[in-house]
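All figures in this text were calculated on a predicted structure; none of them were measured in a lab. We number each residue from 1, following the sequence as shown.
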Amino acid sequence: MKIALIGAKGQLGHDLQPALRGHDVVPLTRKDADVTDFGRTRGVLADLSPNVILNTTAYHRVDDCEDRPELAFHVNALAVLNLTRIANDLDAVLLHISTDYVFDGHSREPYTERSQPSPLNVYATSKLSGEFLVRAAAKKYFLVRTCGLYGVAGSQGKGGNFVETMIAKARRHESIRVVNDQTVTPTYTVDLAHHIARILSTTHYGLYHMTNEGCCTWYEFAKAIFEISGINADLSPTTSELYKTPAIRPRYSVLENARLKQLGLNEMRHWRDALRAYLKEKSPGG
Ligand SMILES: NC(=O)c1ccc[n+]([C@@H]2O[C@H](COP(=O)([O-])OP(=O)(O)OC[C@H]3O[C@@H](n4cnc5c(N)ncnc54)[C@H](OP(=O)(O)O)[C@@H]3O)[C@@H](O)[C@H]2O)c1
């Protein structure tokens, strides 16, 4: 299959390239096609005529989205509609990535693909709008919600990732406070990329949740990072009330990979095993 990979330099985009080896993957960066330039994006994709358009782009600086809703909706919703229409016109499959933040966190049980979204902030609302536009307009699509991504390329949009931020702070001997009342499933982009490759080889279109298994608070995740990497850190838990941010975040956004399980395609490892693999990949000798 010919796959146009948009957002190729991002942390997920980076790990998708080896996961999709065997296919004709054309990596596209913002320089090749800024998705908010609808005409140019259409021109580039029409010239390529791919079988799959795989979109990993997002404007996902969650707090900044509160002040820049136009940009958030431009990248996360309207550009996604443009990609959907292009995919339809080229008879291509669209694979688009969404987020656990579409949920409000009032549940105490993992959210499945059947759970009702109820976003709490501008970023999440723009991403849910993108989802709705795909579901309303796309002829053939995969919509993949994931959570707490980290990968070796670091998040291009956020400047690093949580794991690297924690390690850098510890190395600078900073006192580190991390919220202990937001429960998530940190997900390694290598594992997500592998599962995306698996569903792309099927025609089981539709909505998927894809995260590593298990769950933890951000504080517990930070603790595990230091335990596994053997770094001494001055780490302590805090609360969302004390660590106020412009965007409200869900207190619980654990996703159940229900659809993958139903199809017998769920090979996600526990988040702790995935973290170990990531840390090993980052420093093989360590
Ligand atoms: N990171 C998370 O924790 C998380 C959690 C849940 C869901 N997600 C979703 O997962 C997807 C991948 O996230 P990620 O962590 O891999 O992000 P990332 O590392 O920031 O990668 C996103 C890529 O998209 C590119 N991009 C952004 N705006 C663009 C535009 N207008 N035109 C063309 N390219 C553009 C960026 O290019 P530049 O480098 O030029 O900016 C970057 O290479 C996103 O859809 C995100 O919403 C992420």
Side-chain angles (χ1 to χ4, degrees), residues 10-19 56 60 62 97 99-101 105 110 144-198 209-240 242-243 245 249-257 260 266-286:
Q11 53 184 354
L12 177 58
H14 175 271
D15 286 338
L16 276 165
Q17 295 174 60
T56 72
H60 59 96
V62 177
I97 313 292
T99 172
D100 57 313
Y101 275 13
V144 174
R145 290 187 188 135
T146 189
C147 176
L149 293 185
Y150 60 94
V152 287
S155 175
Q156 305 294 309
K158 293 181 176 173
N161 64 40
F162 183 85
V163 183
E164 296 311 317
T165 304
M166 288 300 112
I167 291 174
K169 278 177 181 285
R171 295 232 154 96
R172 291 194 299 266
H173 304 291
E174 286 179 25
S175 155
I176 307 170
R177 308 265 169 279
V178 181
V179 288
N180 199 23
D181 58 3
Q182 290 174 27
T183 301
V184 294
T185 304
T187 298
Y188 185 20
T189 45
V190 165
D191 294 357
L192 176 59
H194 172 70
H195 283 75
I196 287 174
R198 297 195 92 191
H209 286 181
M210 281 191 200
T211 65
N212 281 120
E213 291 294 324
C215 63
C216 58
T217 66
W218 286 109
Y219 166 74
E220 289 164 343
F221 187 44
K223 200 159 163 269
I225 293 166
F226 298 132
E227 275 166 13
I228 295 169
S229 54
I231 296 172
N232 262 330
D234 174 10
L235 172 71
S236 54
T238 187
T239 63
S240 308
L242 289 174
Y243 185 79
T245 53
R249 285 153 168 86
R251 294 294 175 91
Y252 179 92
S253 57
V254 179
L255 305 180
E256 171 83 18
N257 301 334
L260 281 180
N266 187 45
E267 282 186 356
M268 285 289 190
R269 50 191 160 178
H270 192 271
W271 66 264
R272 204 177 272 275
D273 298 326
L275 174 61
R276 249 185 230 110
Y278 168 84
L279 290 167
K280 197 162 174 209
E281 191 179 347
K282 285 289 286 190
S283 80

Q: State which residues pass ring-ring contact (aromatic ring centres under 6.0 Å, His included) with Phe162; sequence neighbours excluded, sorted by chain then number.
A: Trp218, Phe221
Q | Contacts of type side chain to side chain donor-acceptor pair (under 3.5 Å), residue Asp234, not counting sequence neighbours | A | none
(Q) Please give me the minimum heavy-atom distance between Ile228 and Leu279, naming the atom from each residue. (A) CG2-CD1, 3.7 Å
**Q.** Residues which pass salt bridge (Lys or Arg N to Asp or Glu O under 4.0 Å) with Glu227, listed by chain and number, not counting sequence neighbours
**A.** Lys223, Arg272
Q | ring-ring contact (aromatic ring centres under 6.0 Å, His included) involving Tyr219 - partner list, sequence neighbours excluded | A | none
Q) Mind checking what makes side chain to side chain donor-acceptor pair (under 3.5 Å) contact with Tyr150, not counting sequence neighbours? A) none
Q: Just jot down the side chain to side chain donor-acceptor pair (under 3.5 Å) partners of Arg171, sequence neighbours excluded, or say none.
A: none
Kindly list each side-chain donor-acceptor pair under 3.5 angstrom involving residues 177-187, sequence neighbours excluded, with atom names and distances?
from, atom 1, to, atom 2, distance (Å)
Arg177, NH1, Ser175, OG, 3.2
Arg177, NH1, Ser236, OG, 2.4
Arg177, NH2, Ser175, OG, 3.0
Asn180, OD1, Thr217, OG1, 2.6
Asp181, OD1, Ser240, N, 3.2
Asp181, OD1, Ser240, OG, 2.6
Asp181, OD2, Ser240, N, 3.0
Asp181, OD2, Ser240, OG, 3.3
Gln182, NE2, Ser240, OG, 3.2
Thr185, OG1, Gly214, O, 2.7
Thr187, OG1, Cys147, O, 3.2
Thr187, OG1, Thr185, O, 3.0
Thr187, OG1, Asn212, N, 3.2

Q. Only one of Ile97, Leu255, Leu192 forms a side chain to side chain contact (heavy atoms under 4.5 Å, CB included) with Met210, so which one is it?
A. Leu192
Q. Quick one: are Ile225 and Leu275 in side-chain contact, heavy atoms under 4.5 Å?
A. yes
**Q.** Heavy-atom pair with the smallest gap, counting every atom of His195 and Glu267
**A.** NE2-N, 2.8 Å
Q | All side chain to side chain donor-acceptor pair (under 3.5 Å) counterparts of Glu164, not counting sequence neighbours | A | Tyr278
**Q.** By ring-ring contact (aromatic ring centres under 6.0 Å, His included) - contacts of Tyr101 (at least two apart)
**A.** none
Q. For Glu256, what residues pass the salt bridge (Lys or Arg N to Asp or Glu O under 4.0 Å) criterion, not counting sequence neighbours?
A. Lys261
Q) Which residues pass the ring-ring contact (aromatic ring centres under 6.0 Å, His included) test with Phe226, sequence neighbours left out? A) none
Q) Got a sec, which pairs hit salt bridge (charged side-chain N to carboxylate O under 4.0 Å, His left out) with one end in residues 183-197, sequence neighbours left out? A) Asp191-Arg269
